[in-house]
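Here's the structure we're looking at; comments come further down.
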Amino acid sequence: GNPDGGHVLYVGTARGVARVVDDRVELLSALDDSAPVSVTALCETESTDGVRALWVGTQAGLLRRDGDSWRRFTTADGLPSNLVRCIATTLMPNGVPSLCVGTTEGLGLYSDGAWTTVDRASGLPDQSVISLLADPISGRTHLLFMGTTTGLVRWELDAWRVVDASDGLPSSNIYSILESVSAQGNRAMLVGTDAGLARHEQGRWKLVDVPTDLPSSRILALCETGPVEGPRTLWVGTTAGLARNDGGRWTRFDKSSGLPDSGIRCITEGRDDNGASELWVGTYGGAARLSNGEWSSWTVRDGLPSNGVL
């Protein structure tokens, strides 16, 4: 969000955080004299009274930015590990919002100013939480999906269920999770692994039939773009390029297509000034945007602190 109005995109890099406002890059200094931080995750929250905060996951703890002030959370404050992998938000059973932080030593829940750790001692099957997805479609409270190195963990009201390769996933290493609605109106979930893509719909897991020239089977990012209601376009980010599925037709993008690098680390949807959908991509060589069929990119030459985006 941009307190001054207009569109803003926060960009996490290997040397700190920047934001792109009206195509200009602005650096965000963190914690005064601290050394540049290697960013691993970003999440923006908004309180009930409309106050926004930016949460920054790093390899040295979690940062929160309120206005121009920063605060760091570490294991000394109750974070399970200082190496943060992912961040999401959910509603607890009492209806109170909670920040969910995936780390290398379990899941941290931050609610009402206090931390709670969910790890093996609490029943979590795998302490290394790589990706997170709260349940945005059904609106059910305290339903969280966690991607781990031993499968997809579904957690609801302290009940655990693990889905792994024995259930039909191509691999138990889960790097990315996306929930959507199929053309028939059914809820569906897509899971990216280190060995391909799987889809869960109407109670069944199926491997997604992708073309043999998909850039790589290691899928680090998933995203959908398009109108709020109607057909959506699926984007699959891999370590060797980007693939688009538009109505069943696959198209491949890489550095030769206009991306700053073929290694895709993150994907998100944005909106232009007219409300039209656009795609933002973080790569090992900078940030890129696809808008109206044309690629634009931002690198250290444009003001990014590092070309390694997330």
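Reckoned from all heavy atoms, side chains included, excluding hydrogens, waters and symmetry mates. Just so it is clear, the structure is predicted and the values come from calculations on it, not from any experiment.
With contacts defined as side-chain heavy-atom distances shorter than 4.5 Å, the pair Leu279/Arg244 does not qualify. The shortest distance between side-chain heavy atoms of Val84 and Leu79 falls below 4.5 Å. Side-chain atoms of Asp167 and Leu169, non-hydrogen and from C-beta on, never get closer than 4.5 Å to each other. Inter-residue side-chain proximity for Ser128 and Arg85 is flagged as met; some heavy-atom pair is nearer than 4.5 Å. The side-chain heavy atoms of Ile87 and Leu42, taken from C-beta on, include no pair separated by under 4.5 Å. At least one side-chain heavy atom of Arg64 sits under 4.5 Å from a side-chain heavy atom of Tyr110. Side-chain contact between Glu179 and Glu224 is absent, with no heavy-atom pair separated by less than 4.5 Å. Side-chain contact between Glu26 and Val21: present, with at least one pair of heavy atoms (C-beta onward) separated by less than 4.5 Å.
A distance of 9.0 Å separates CG of Leu178 from CZ of Arg199, quoted to the nearest 0.5 Å. In this structure, the separation between CZ on Arg265 and OG1 on Thr40 is 9.5 Å, given to the nearest 0.5 Å. Here Leu234 contributes atom CG and Thr225 contributes atom OG1; the two are 9.0 Å apart, rounded to the nearest 0.5 Å. Separating the OG1 atom in Thr103 from the CG atom in Asn82 is a distance of 9.0 Å, to the nearest 0.5 Å. Taken to the nearest 0.5 Å, the CD1 atom of Ile177 stands 3.5 Å off from the OG atom of Ser131. A distance of 8.0 Å separates OG of Ser122 from CH2 of Trp155, quoted to the nearest 0.5 Å.
Closest approach of Ala134 and Thr89 over heavy atoms only: CB-O, 3.0 Å. Residues Ser172 and Ala165 share a closest heavy-atom pair of OG-N, 3.2 Å. Heavy atoms only, all atoms of each residue included: Pro170 and Ala198 are closest at CD-CB, 3.6 Å. In plain terms, the two heavy atoms of Thr283 and Ile264 that are nearest each other are CG2-CD1, 4.0 Å. Smallest separation of non-hydrogen atoms from Ser176 and Ile219: OG-O, 3.3 Å. Val39 and Gly12 make their closest contact through CG1-CA, 3.7 Å (heavy atoms, listed as atom of the first residue, atom of the second, distance).
Atom CZ of Arg161 is surrounded by 12 or fewer heavy atoms from other residues, nucleotides or ligands within 6.0 Å.
Ring pair His200/Trp205 is tilted by interplanar angle, where 30° to 60° counts as tilted.
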* Step by step, would you call Leu99 with Ser111 a side-chain contact (heavy atoms from CB on, under 4.5 Å)? -> CA-CA 7 Å; Leu99 188 77; Ser111 182; over 6 Å; no
* To do: Dump the intermediate steps for side-chain contact (heavy atoms from CB on, under 4.5 Å) on Thr149 and Gln127, then the final yes or no.
  => CA-CA 9 Å; Thr149 55; Gln127 295 201 150; over 6 Å; no
* Test Arg19 against Leu28 for side-chain contact (heavy atoms from CB on, under 4.5 Å), laying out the working first. => CA-CA 7 Å; Arg19 62 181 182 181; Leu28 297 184; 4.2 Å; yes
* Run the numbers on Trp160 and Val118 for side-chain contact (heavy atoms from CB on, under 4.5 Å), then give the verdict. => CA-CA 12 Å; Trp160 306 93; Val118 179; 3.3 Å; yes
* For Arg187 and Glu201, run salt bridge (Lys or Arg N to Asp or Glu O under 4.0 Å): C-alpha distance rounded to whole Å, both residues' side-chain angles, the deciding distance at 0.1 Å, then the answer. => CA-CA 6 Å; Arg187 294 180 63 206; Glu201 187 175 346; over 6 Å; no
* I would like to know whether Ser98 and Thr90 meet side chain to side chain donor-acceptor pair (under 3.5 Å); could you show each step before the answer? => CA-CA 5 Å; Ser98 175; Thr90 190; over 6 Å; no
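Side-chain N or O atoms of Ser277 include one that pairs as donor or acceptor with a backbone N or O of Gly226 at under 3.5 Å. With hydrogens and angles ignored, the 3.5 Å screen pairs a side-chain donor or acceptor of Ser171 with a backbone N or O of Asn173. Side chain of Arg72 to main chain of Ala60: a donor-acceptor pair is present (N/O by atom type, distance under 3.5 Å, no hydrogens or angles). Judged by distance alone, the side chain of Asp261 and the main-chain N or O of Gly263 form a donor-acceptor pair under 3.5 Å. Within the 3.5 Å criterion, the main-chain N or O of Thr239 finds no donor-acceptor partner in the side chain of Arg218. A donor-acceptor pair under 3.5 Å is formed between the side chain of Asp126 and the backbone N or O of Thr150. Using a distance-only test at 3.5 Å, with no hydrogens or angles considered, no donor-acceptor pair links the side chain of Asp66 to the main chain of Ala53. Between the side chain of Asp119 and the backbone N or O of Ala121 there is at least one donor-acceptor pair closer than 3.5 Å. Panel note: side chain Asn245, backbone Thr233; no donor-acceptor pair is recorded below 3.5 Å. No donor-acceptor pair closer than 3.5 Å links the side chain of Gln59 to the backbone N or O of Leu83.
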What side-chain donor-acceptor pairs closer than 3.5 Å can you find for residues 293-305, not counting sequence neighbours?
{"residue": "Trp298", "atom": "NE1", "partner": "Asp23", "partner atom": "O", "Å": "3.2"}
{"residue": "Thr299", "atom": "OG1", "partner": "Arg301", "partner atom": "N", "Å": "3.2"}
{"residue": "Asp302", "atom": "OD2", "partner": "Thr299", "partner atom": "N", "Å": "2.9"}

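Hydrophobic clustering keeps Ile130 apart from Met146 (ILVMFWY residues linked when any side-chain heavy atoms are closer than 4.5 Å, directly or through intermediates). Linking Ile, Leu, Val, Met, Phe, Trp and Tyr residues whenever their side-chain heavy atoms come within less than 4.5 Å leaves Leu62 and Leu54 in two separate clusters. There is no path of hydrophobic side-chain contacts, each under 4.5 Å, that joins Leu220 to Leu197. If you chain together hydrophobic residues whose side chains sit under 4.5 Å apart, Trp70 and Phe73 never meet in one group. There is a path of hydrophobic side-chain contacts, each under 4.5 Å, that joins Val153 to Leu132.
Listed by chain and number, the residues in a salt bridge (Lys or Arg N to Asp or Glu O under 4.0 Å) with Glu278 amount to none (sequence neighbours excluded). Asp246 pairs by the salt bridge (Lys or Arg N to Asp or Glu O under 4.0 Å) definition with nothing, not counting sequence neighbours.
A salt bridge is absent between Arg65 and Glu44: the closest approach of a Lys/Arg side-chain nitrogen to an acidic carboxylate oxygen does not fall below 4.0 angstrom.
Checked options Leu290, Leu222, Thr268; the residue passing with Trp235 is Leu290 (criterion: side-chain contact (heavy atoms from CB on, under 4.5 Å)).
For Trp280 and Tyr10, the ring centers sit 6.0 Å or farther from each other.
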